Amino acid sequence: PDGSGLAIRKRAPIVSILDELGWPDRSTLPVGRYSVWGRNMVDRFFKRNSAVAAVAPTRGCPFQCTYCPGHIITTRRYRKRRVEDVVAEMKYLRDEFGIEVMVFQEEVANADPGWSISLYKEIIKAKLGVRWVHGGGFYVQLISEELVATALESGLLMFNLAIESGSRRILKLVKKTERIVDAAPQVMEMIRRRDPHIYVMGFFMAGFPFETLEDVRQTLQFARDLDMDWALFNVFQAFPGCELYDYCVQHGHIHPDAYAYEHRIHYLATSLENSLVPKDELNKMIYEANLSINFARSRSLRVGHYEQAVRDYEHVVSIAPDHALAHVCLAR
């Protein structure tokens with residue numbers, strides 16, 4: 001037991017050379033309809049009912065973010081396949097199953113930017129004619145002009161930027177670099193210069209136990225100021241095994257015995273007690289920022305990217321049929 005009522009199994013031996021594992025046996029899977037998250041992404045950013053499959057180019061994450069449980073599963077040892085092997089698997093999926101879009105399932109998209117660029121170049125060289133997207137976010141300050149250019153040329157569908165906070169104080173406390181605040185506007189400019197219409201989504205978090213109202217305001221304003229197509233707001237949840245989980249237990253923000261599993265997978269409202277920002281106020285701020293950025297001030301509508309706007313709001317209406325503002329945007 002780890003103190004949270006969960007049993008932690010002994011970790012299996014770490015496979016250092018991923019190529020030795022071979023490719024997954026997909027013979028009994030409904031390939032092309034398997035990845036739910038990938039399916040939602042592709043429906044919104046490409047076209048509906050395209051054949052989608054997941055590919056795992058790397059495992060592990062070398063970063064120390066205190067809120068993320070990814071390292072519990074894949075460890076902090078960052079391991080990469082040979083780029084030739086990844087592209088060969090992509091070619092196999094295209095030829096054998098008619099896959100049109102590959103979802104790269106990784107903890108972080110560009111932990112080793114040089115390796116990522118070499119993968120994109122190998123995809124270009126192979127002339128696969130498929131599209132791809134990262135399941136995990138891009139680490140913002142590691143994005144370069146060359147990475148943007150090769151990613152776009154190789155068939156990237158959208159950039160998902162792991163920004164998380166616009167508060168330097170919060171970024172430091174959760175062990176992400178403060179340089180994100182300076183790098184994100186430069187990266188946005190870099191991307192728009194290369195392709196004004198490529199979809200850019202930003203990942204943001206709020207509701208950390210030590211976060212103040214001013215910290216939340218800084219994050220929401222930072223999201224407003226960036227020229228993104230969509231700002232995805234998540235509310236912090238404490239996951240067992242993470243540094244911030246232990247912090248929340250020690251400071252009385254959560255009670256492990258009463259901390260139901262469903263709370264840990266619900267990112268729309270906080271489940272913490274005694275935080276600096278009251279629950280109702282936090283939820284209201286995030287809700288209003290979402291409506292303002294993604295609906296009332298929709299970039300797709302502002303720049304006339306109407307096909308994308310239709311896909312966005314049809315997706316929202318499909319999961320929230322009573323979302324009035326989504327209907328208004330769709331009508332526009």
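A quick note: this is a predicted structure, and the numbers were derived from the prediction, not measured. Only heavy atoms go into these numbers, but all of them, side chains included; no hydrogens, no water, no symmetry mates.
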Item to check | Gln237-Ser271 side chain donor-acceptor pair, cut-off 3.5 Å | outcome: yes
Item to check | Passing candidate, side chain to side chain donor-acceptor pair (under 3.5 Å) with Glu106, options Arg59, His134, Lys80 | outcome: His134
Item to check | Close side-chain approach of Thr58 and Trp115, heavy atoms under 4.5 Å | outcome: yes
Next on the checklist: Check the orientation of Phe210 and Phe208. Use parallel for under 30°, tilted for 30 to 60°, and perpendicular for over 60°.
Outcome noted: parallel
Checklist entry - When you check the gap from the basic side-chain N to the acidic O, do Asp280 and Lys284 get nearer than 4.0 Å? => result no
Item to check | Donor-acceptor pair, side chain of Arg168 and main chain of Val181, under 3.5 angstrom | outcome: no
Checklist entry - Less than 6.0 Å separating the ring centroids of Tyr67 and Phe236? => result no
Item to check | Salt bridge flag under 4.0 Å for residues Arg26 and Glu89 | outcome: yes
Checklist entry - Would you say Arg81's side chain and Asp19's backbone share a donor-acceptor pair under 3.5 angstrom? => result no
Next on the checklist: Taking Glu314 first and then Arg44, would you say they form a salt bridge - that is, a charged N and a carboxylate O separated by under 4.0 Å?
Outcome noted: no
Item to check | Side chains of Gln308 and Ser300, donor plus acceptor under 3.5 Å | outcome: no
Next on the checklist: Quick one about Tyr199 and Asp312 (side-chain donor to acceptor, distance below 3.5 Å, no hydrogens or angles considered), yes or no?
Outcome noted: yes
Next on the checklist: Any side-chain to backbone donor/acceptor pair from Thr150 onto Leu147? Under 3.5 Å, distance only.
Outcome noted: yes
Checklist entry - If we ignore angles and hydrogens, is there a donor and acceptor under 3.5 Å between the side chains of Gln221 and Asp225? => result yes
Checklist entry - Asp227 and salt bridge (Lys or Arg N to Asp or Glu O under 4.0 Å): which partner among Arg297, Arg192, Arg193? => result Arg192
Checklist entry - Between Arg311 and Asp43, is there a side-chain N and carboxylate O pair less than 4.0 Å apart? => result no
Item to check | Polar side-chain atom of Glu211 near backbone of Gly207 as donor-acceptor pair, under 3.5 Å | outcome: yes
Item to check | Working for side-chain contact (heavy atoms from CB on, under 4.5 Å), residues Ile99 and Met102 | outcome: CA-CA 7 Å; Ile99 298 301; Met102 316 284 174; 3.7 Å; yes
Item to check | Single-linkage hydrophobic cluster, 4.5 Å side-chain cutoff, Ile124 and Met90 together | outcome: no
Checklist entry - Say you draw a straight line from CZ of Arg194 to CD of Glu145; how long is it, rounded to the nearest 0.5 Å? => result 5.5 Å
Checklist entry - Just checking, any donor-acceptor pair under 3.5 angstrom between side chains of Ser167 and Thr219? => result no
Next on the checklist: Can a donor-acceptor pair be found, under 3.5 Å and without considering hydrogens, that links the side chain of Ser292 to the backbone of Ala289?
Outcome noted: no
Item to check | Distance flag, aromatic centroids of Phe239 and Tyr245, threshold under 6.0 Å | outcome: no
Next on the checklist: If I take atom CG from residue Leu226 and atom CG from residue Leu161, how far apart are they, to the nearest 0.5 angstrom?
Outcome noted: 8.5 Å
Next on the checklist: Under the criterion side-chain contact (heavy atoms from CB on, under 4.5 Å), I'd like the reasoning laid out for Arg169 against Glu214: C-alpha separation, chi angles, the key distance, then a yes or no.
Outcome noted: CA-CA 11 Å; Arg169 189 182 80 91; Glu214 180 57 29; over 6 Å; no
Checklist entry - Atom CG of Leu272 and atom NZ of Lys279: how far apart are they, to the nearest 0.5 Å? => result 7.5 Å
Checklist entry - Between CD1 of Ile191 and CG of Leu152, what distance do you get to the nearest 0.5 Å? => result 7.5 Å
Checklist entry - Any side-chain heavy-atom pair from Thr177 and Leu171 closer than 4.5 angstrom? => result no
Checklist entry - Does the side-chain contact (heavy atoms from CB on, under 4.5 Å) test come out yes or no for Glu164 and Ile170, once each step is laid out? => result CA-CA 9 Å; Glu164 314 307 2; Ile170 292 299; over 6 Å; no
Checklist entry - If we ignore angles and hydrogens, is there a donor and acceptor under 3.5 Å between the side chains of Arg77 and Ser16? => result yes
Checklist entry - At what distance, to the nearest 0.5 angstrom, does CG of Asp229 lie from CE of Met201? => result 9.0 Å
Checklist entry - Should Leu244 and Phe63 be counted in the same cluster of Ile, Leu, Val, Met, Phe, Trp and Tyr side chains packed under 4.5 Å apart? => result no
Next on the checklist: Using side-chain heavy atoms (C-beta onward) and a distance below 4.5 Å, is Met205 in contact with Val174?
Outcome noted: no
Checklist entry - Is a donor on one side and an acceptor on the other found under 3.5 Å between the side chain of Gln141 and the backbone of Ile180? => result no
Checklist entry - Which of parallel (below 30°), tilted (30 to 60°) and perpendicular (above 60°) describes His251 and Tyr247? => result parallel
Item to check | Criterion side-chain contact (heavy atoms from CB on, under 4.5 Å) on Asp112 and Tyr78, from CA distance to verdict | outcome: CA-CA 9 Å; Asp112 181 342; Tyr78 185 59; 3.7 Å; yes
Item to check | Geometric class of the Trp230/Phe295 ring pair [parallel <30°, tilted 30-60°, perpendicular >60°] | outcome: perpendicular
Checklist entry - Would Lys121 and Glu146 count as a salt bridge (Lys or Arg N to Asp or Glu O under 4.0 Å) if you check the C-alpha gap in whole Å, the side-chain angles of each, and the deciding distance to 0.1 Å? => result CA-CA 10 Å; Lys121 287 181 176 179; Glu146 184 180 13; 3.0 Å; yes
Checklist entry - Relative to each other, are the rings of Phe138 and Phe159 parallel, tilted or perpendicular (30° and 60° limits)? => result tilted
